[in-house]
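Worksheet: the structure to be examined is printed underneath.
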Amino acid sequence: MMVVSKESQDFLDDLTVYLYSSGKKEEEVKGIVEELKDHLHEAEKNGKRVDDIIGIKPKEYMKQLASEMPFDVRGWLKYLPIVFMGALAYTVMGDAIKGEIKYSLIECIGYPFIFLLYLFSISRLFKYTSSHKVSKWKEYILFLGVTAVIPTASFVALIFLGKSYSTTAIHLGETGNIVAIMLSILAFIGIAIWSKTWDAIMLPAILFLPDVLLKYTNLTTGPKDMLSLLLSMSGICLYAFLKLKEIKLRI
């Protein structure tokens with residue numbers, strides 16, 4: 001197995017993340033990175049560095065390379081329905097646990113919009129952190145903002161809009177809630193089997209267990225909701241941060 005310097009390996013890791021977040025095919029990304037690793041390995045024997053090989057700044061090289069590679073439309077179209085089904089299951093199950101599934105027309109439009117905004121923000125975050133020299137502290141702040149602050153603020157704004165302009169489009173009763181919970185659980189299990197990871201099961205557990213457990217406490221509604229949100233968001237941020245580190249170690 002070829003070994004390159006830490007500088008070269010960091011560049012290859014950042015390049016991989018940048019190309020993946022730009023929607024490039026996995027096979028093409030792996031091929032390019034392996035080929036580039038060969039060149040870097042040989043060049044380092046002659047005392048050369050990354051800048052000597054690529055000829056331009058790493059950020060410019062990543063942009064140039066990404067622009068020359070086709071966007072993996074089929075790959076994104078394959079994954080988007082699965083991701084969307086998961087996002088829908090999260091939303092429906094959360095509301096069903098609280099006791100009532102009732103959505104206004106604004107919420108029916110707003111949830112898919114927030115979902116797409118979240119995917120776009122995550123992609124931009126990965127591209128930015130992989131093409132810029134960012135301190136660990138700044139990376140954490142950006143990650144926290146994109147994964148927690150932006151979605152939370154968006155959902156809060158959507159809820160207020162939904163209440164202000166109440167035009168109920170979907171309303172399910174008790175039986176509908178039970179059916180929604182069962183379908184959501186099946187969706188989580190199906191996605192976990194399809195993706196061969198525990199993420200689709202762990203994330204709902206982190207999100208919804210605080211709500212379920214806090215129902216059996218004597219806390220009033222306000223503090224209970226705040227504590228549930230705090231526990232869920234803290235758990236999601238910690239889990240996402242650990243997963244990001246795990247992905248970087250694998251690359």
Side-chain angles (χ1 to χ4, degrees), residues 1-41 43-44 49-80 82-83 86-87 115-151 195-200 202-203 236-251:
M1 183 178 178
M2 287 182 299
V3 179
V4 294
S5 66
K6 185 179 183 304
E7 179 191 13
S8 295
Q9 189 59 53
D10 287 344
F11 168 70
L12 292 173
D13 292 346
D14 289 339
L15 176 63
T16 303
V17 173
Y18 187 91
L19 293 177
Y20 277 144
S21 58
S22 298
K24 309 308 178 185
K25 288 185 179 180
E26 183 178 355
E27 297 80 7
E28 291 184 8
V29 172
K30 286 182 177 178
I32 288 173
V33 170
E34 285 301 319
E35 184 180 347
L36 189 55
K37 188 173 185 178
D38 290 340
H39 292 312
L40 290 171
H41 179 70
E44 286 179 351
R49 301 176 58 188
V50 173
D51 292 346
D52 299 321
I53 301 302
I54 61 178
I56 53 178
K57 292 181 179 180
K59 177 184 175 182
E60 295 175 358
Y61 178 80
M62 292 179 191
K63 285 185 176 180
Q64 180 180 313
L65 187 59
S67 66
E68 295 172 354
M69 299 172 65
F71 184 79
D72 186 15
V73 178
R74 292 183 64 183
W76 275 83
L77 289 178
K78 180 175 66 176
Y79 289 112
L80 272 179
I82 300 296
V83 178
F115 165 70
L116 293 175
L117 175 64
Y118 180 73
L119 288 182
F120 176 77
S121 300
I122 286 289
S123 173
R124 297 299 301 178
L125 173 65
F126 283 151
K127 288 180 72 173
Y128 179 81
T129 56
S130 61
S131 60
H132 293 76
K133 290 185 178 180
V134 181
S135 66
K136 293 295 181 182
W137 179 245
K138 185 177 180 181
E139 181 179 353
Y140 177 75
I141 294 296
L142 289 171
F143 188 79
L144 181 65
V146 170
T147 60
V149 176
I150 292 178
S195 63
K196 298 179 181 178
T197 69
W198 286 93
D199 294 351
M202 288 298 297
L203 290 174
I236 289 293
C237 290
L238 177 61
Y239 186 75
F241 187 74
L242 292 174
K243 289 298 291 185
L244 180 61
K245 292 298 181 185
E246 180 186 331
I247 291 170
K248 285 191 172 182
L249 286 175
R250 271 197 230 147
I251 297 174

(message) Nearest 0.5 angstrom please: Arg124 CZ to Ser22 OG, how far?
(response) 8.5 Å
(message) What's the separation between atom CG in Leu125 and atom CZ in Phe120, rounded to the nearest 0.5 Å?
(response) 11.5 Å
(message) Contact between Lys25 and Pro70 at the side-chain level, heavy atoms closer than 4.5 Å - yes or no?
(response) no
(request) For Leu65 and Ile32, work out which heavy atoms get closest and say how close. (result) CD2-CG2, 3.7 Å
(request) Would you name the heavy atoms of Ala66 and Lys24 that are closest together and state the gap between them? (result) O-NZ, 3.0 Å
(request) Measure the spacing between CD of Glu34 and CG of Leu12 and express it to the nearest 0.5 Å. (result) 8.5 Å
(request) Any chance you could measure Tyr61, atom OH, to Leu36, atom CG, to the nearest 0.5 Å? (result) 4.5 Å
(message) Just verifying a value: how many Å separate Met62 CE and Ser21 OG, rounded to the nearest 0.5 Å?
(response) 9.5 Å
(request) May I ask you to test the Tyr18-Lys59 pair for a side-chain heavy-atom distance under 4.5 Å? (result) no
(request) With the side chain counted from C-beta on, respond yes when Val29 and Met69 share a heavy-atom pair under 4.5 Å apart, and no when they do not. (result) yes
(message) To the nearest 0.5 Å, what is the distance between CG on Leu117 and CD1 on Ile122?
(response) 10.5 Å
